[in-house]
Amino acid sequence: IWLRPRRAKRVLMAAIWSVALALLATAAGQQPGLYTKEEHPEVSIATCTKSDGCTATKKPLVMDAQWRWLHDARKGQYKSCISGTPPEWNTAICGGNLDCAEKCALEGISSDEYNKAYGINVDNGEVRLNYKTGEAVGSRIYLMEDDQHYMMFKLLNREFTFEVDASTLECGLNGAVYFVEMKEDGGMDEGNNKAGAMYGTGYCDAQCPHDLKFINGEANREDWHDIKYFPTGKHGACCAEMDIWEANAFATSFTTHACEAEGPLRCDGLSGNNSCGDVPEDCTCCLEADCDCCARYKGTCDKDGCDFNPERLGGHSFYGRGEEFVVDSSKPVTVVTQFLTADNTDTGNLVEIRRLYVQNGKVISNSKVSTLEGADGADSITDAMCAAQKSTFGERNDFTAKGGLEGMGKALGRGMVLAMSISDDLNTNMRWLDSVSPYNHPNTHPQDKPGVKRGPCGKDAGKALDLRINHSDAHVIYRNIKIGEINSTYAQEASQSNDHGNIGAAPACAANSANNCLSTGCCLAEGHKCFMKSTTEAYCRLSSPADWLGIEISKQSPPSDETMHCVDDDSNCIHVGCCRSAGHKCFMKDPVEAFCRPSSPAGWLGHEIARYEAVDQGSGESGGTESRTGDGNTETGNGSDDEATVGAECCTSSLPHSTGHPCDFCFTGAAVSVGWCAQSKDTCQSDCGGTWCPNGATNPYMLYDAKSVTAAVMPVKGSWSSALTISMSVSLLLFGLLAVAYWWHRSKGAQQLCYEPVSIA
């Protein structure tokens, strides 16, 4: 473009001012307030490994933006952007979604206000959330990596642990700990969001909430209207949600909620494509198989989820207030949630979510299902348990439709944000947690129908307005937050336990269904037996899952005088090596079984077990061990005491295993010097064809195990510049541009070039 000199100067000046105005415009919008500096309280969180224990660090906490004062962003202006009854957006301040995001500011909260205004008390490793503080009701806070970013938890092949005191939470209240797939920076720079994670922005969950004031940097002003107890807008904010703990003193539940969309989705409601899965207020047939108006299951998220509520699944005496319950909610309890993958790696598919409790120094296995057809005895969330739940209770199986545990696992693998809250429920009185739900369908869902009763509370016991008057002093305490490798986070809490073995090393009897029982064949849980999952793992279950090896491991012990005799072809000869049938020898079928045959059948391990002979240990008695369950130790024949698995000499199988190392896998009992092949180096190598491993096991039957250094949480991104730094940089840039323009305008040299072409791209 060829321009005359004055025209060229005007165009250049206009371009500079356009850039300046654009930069200034984007510097505003859902911006931090000017009156109170945000001061994040800090809480201690520990990261744990089985080898090194737990290391604690302090991390910031931040209040959700929804609770903050939202006001006119102009300096010296204090009017709220939303006010009145019912609450309405103030049209004198802003007019549209982007306009309101630009002209409204989220105010900071000082450390003193966190406590006095919102009832959030943080003391090192303890967080106390008060139910009602002045006019403030409830709260929701997030754990941060630093002051600008949320901490992102990657939970696959990990366990998450915390201690909770819910003793004051009455019917209708909910103290919740859960993960949601929010963005690490809180959606900073989306739309007009200039507040970000530092001010608690970016919330979403699987219910696609419509009451959020801002979504993706835009005000949720469109179609803003009041429904019964609170206002909502056209849009919702959907994302995957993993409810670790939703509870009061009378009921508890943990629930998966997968979504088809990755990360936060700004969904449309009934007036759009309804990706939110909204249901019209006058639609009453959602519980029926055919309901044209019910779009609940057409949205992106599994709103029902798959839950494990002990009361709902038959554990009527498992959780409650008082010593008559297995888990007594009148006392603090440690909650352990384990996310197990198919291949035991951090990238494998999620196949099981397990729950353990620790109280009074004892590890407590989860409640067992007794109300589901085909899943009785289950004590964890699996695809099979969830399918049985939906079928037995007559519920829509949106869990499977939205990807099941694999779908939930994808979100856990991408990273999720930890939220902690306390709340009431104006809409349903929290009946879905602690009472009967649905409560108003006696013909199709009577209260005695399986799955309807969720807890012991009456249907009207949880009225929020009554709770705010009569139980305003209720609170919940969360402390000792930890994340780490499976079975690495709760050893300290269980250290007082004598009847549950030694946590961290394999106990003499498996304390729970997450402990490997391959070395002992012994289960503490009544009715459970030890079944092989793979050649290196066995766990206690009522029966073997269909995709496991399924071999039952009986309790291992050395042969005694009474059992030291030859056996017939149908009996296990692995401990005696002696056959009654002429010409038959004892051949190993697998690591725990051997049978008498003329020769080893194809497909067996094939090692020949020679007749057991006592090995002189210098004590005048036959070799072997005596397992003592009380302290988790073993007493060896030579009089020395060793840890159950660590450091004992052992004999490996000669089969190749995953690591390819000869000390990868030990014969049953070998890691604690139990079993004939483990009696000496000679019998191991000469008679059993194994490899003698003098340093023994560091883990039960996995003697060669490279230490994993995968972090429990995502690495921290580089620090972002502060708003002040950005503002100064922009100001300097504008000053420089204007100075250059002025100099060019005044310069004679510029006038000498006035007829040169000026190209504006």
Side-chain angles (χ1 to χ4, degrees), residues 155-156 160 178-179 181 205-207 239-246 251-260 277 286-287 289 296-315 318 337-342 348-356 365-413 416 432-433 437-438 445 449-454 513-514 533 539 541-548:
L155 295 170
L156 292 178
F160 177 77
Y178 59 108
F179 291 94
E181 197 179 0
D205 65 36
Q207 303 305 318
C239 67
E241 175 184 353
M242 179 66 229
D243 297 323
I244 301 292
W245 175 261
E246 293 185 289
T252 183
S253 178
F254 63 103
T255 310
T256 71
H257 295 280
C259 296
E260 294 171 327
C286 268
L287 294 174
R296 180 177 179 84
Y297 304 101
K298 297 178 182 179
T300 188
C301 292
D302 175 18
K303 293 188 174 185
D304 292 352
C306 177
D307 66 296
F308 201 111
N309 178 323
E311 175 73 26
R312 192 177 187 222
L313 298 175
F318 183 76
T337 309
Q338 302 175 328
F339 299 89
L340 308 182
T341 59
N349 287 334
L350 181 68
V351 294
E352 186 177 14
I353 302 175
R354 301 214 55 79
R355 167 58 54 84
L356 305 171
S365 297
N366 194 29
S367 175
K368 293 173 177 55
V369 172
S370 63
T371 60
L372 302 183
E373 298 176 6
D376 279 358
D379 59 358
S380 63
I381 292 180
T382 64
D383 285 340
M385 191 283 287
C386 294
Q389 180 184 113
K390 302 299 181 182
S391 175
T392 303
F393 295 163
E395 299 172 345
R396 297 268 193 100
N397 192 355
D398 208 31
F399 167 81
T400 300
K402 296 298 192 294
L405 280 187
E406 183 178 347
M408 185 73 250
K410 289 178 180 178
L412 294 172
M416 304 182 79
W432 57 268
L433 173 65
S437 181
H445 290 75
K449 180 180 179 179
V452 173
K453 188 177 182 182
R454 317 298 182 96
S513 53
K533 180 178 182 181
Y539 299 100
R541 298 289 189 273
L542 288 171
S543 60
S544 175
D547 57 343
W548 289 19

Mind checking what makes ring pair (Phe, Tyr, Trp, His ring centres under 6.0 Å) contact with [X], not counting sequence neighbours?
X: F339; result: none
X: F399; result: none
X: F318; result: Y357

Pick from I353, I381, N397: which one makes a side-chain contact (heavy atoms from CB on, under 4.5 Å) with C306?
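Of I353, I381, N397, side-chain contact (heavy atoms from CB on, under 4.5 Å) with C306 is met by I381 alone.
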Going by the side-chain contact (heavy atoms from CB on, under 4.5 Å) test, name the single residue among R354, R355, M385 that passes it with F308.
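Exactly one candidate clears the test, M385.
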Closest heavy-atom contact between L356 and Q338?
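The answer is CD1-NE2, 3.9 Å.
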Indicate the atoms forming the closest heavy-atom contact of T255 with S253, along with that distance.
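Here T255 and S253 meet closest at OG1-OG, 3.3 Å.
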Who passes side-chain hydrogen bond (donor to acceptor under 3.5 Å, both in side chains) against S544, sequence neighbours left out?
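Checked S544 against side-chain hydrogen bond (donor to acceptor under 3.5 Å, both in side chains); zero matches.
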Within this structure, what is the [atom1]-[atom2] distance for the pair [X] and [Y], rounded to the nearest 0.5 Å?
X: R396; Y: D398; atom1: CZ; atom2: CG; answer: 8.5 Å
X: E406; Y: N349; atom1: CD; atom2: CG; answer: 4.0 Å
X: K303; Y: C259; atom1: NZ; atom2: SG; answer: 9.5 Å
X: T337; Y: F179; atom1: OG1; atom2: CZ; answer: 8.5 Å
X: K402; Y: H257; atom1: NZ; atom2: NE2; answer: 12.5 Å

Residues two or more places apart in sequence or in another chain: which of them pass side chain to side chain contact (heavy atoms under 4.5 Å, CB included) with L156?
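In terms of side chain to side chain contact (heavy atoms under 4.5 Å, CB included), with neighbours along the sequence ignored, L156 is linked to T341, L350, L412.
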With sequence neighbours excluded, what pairs up with K449 under the side chain to side chain contact (heavy atoms under 4.5 Å, CB included) test?
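K449: side chain to side chain contact (heavy atoms under 4.5 Å, CB included) contacts with H445, P446, V452.
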Is there a side-chain contact between [X] and [Y], using heavy atoms and a 4.5 Å cut-off?
X: T252; Y: E246; result: no
X: S367; Y: D379; result: no
X: T400; Y: D383; result: no
X: L433; Y: R454; result: no
X: R312; Y: D307; result: yes

Evaluate F254 against Y178 for side chain to side chain contact (heavy atoms under 4.5 Å, CB included), listing each step before the verdict.
CA-CA 9 Å; F254 63 103; Y178 59 108; over 6 Å; no
Cut-off 3.5 Å, side chains only: do T382 and E352 have a donor facing an acceptor?
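The criterion, which ignores hydrogens and geometry beyond distance, is not satisfied for E352 and T382.
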D302 and Y297: side chain donor to acceptor below 3.5 Å:
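No pair is found: no donor N or O on one side chain lies under 3.5 Å from an acceptor on the other.
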Could you check whether any side-chain N or O of E241 sits under 3.5 Å from a backbone N or O of A206, counting only pairs where one atom can act as donor and the other as acceptor?
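Pair found, side chain donor or acceptor close to backbone of A206.
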Using modelled atom types and a 3.5 Å cut-off, is there a donor and acceptor pairing between side-chain atoms of T392 and backbone atoms of A388?
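Flag set: sc T392 to bb A388 pair under 3.5 Å.
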Short N-O contact, R296 and D304, less than 4.0 angstrom:
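Judged by the 4.0 Å cut-off on N to carboxylate O distance, R296 and D304 do form a salt bridge.
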Charged N-O contact under 4.0 Å between K453 and E311
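Here K453 pairs with E311 in a salt bridge, since their nearest N and O are under 4.0 Å apart.
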If you measure SG to SG, does C301 sit under 2.5 Å from C239?
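Answer is no, sulfur atoms not closer than 2.5 Å.
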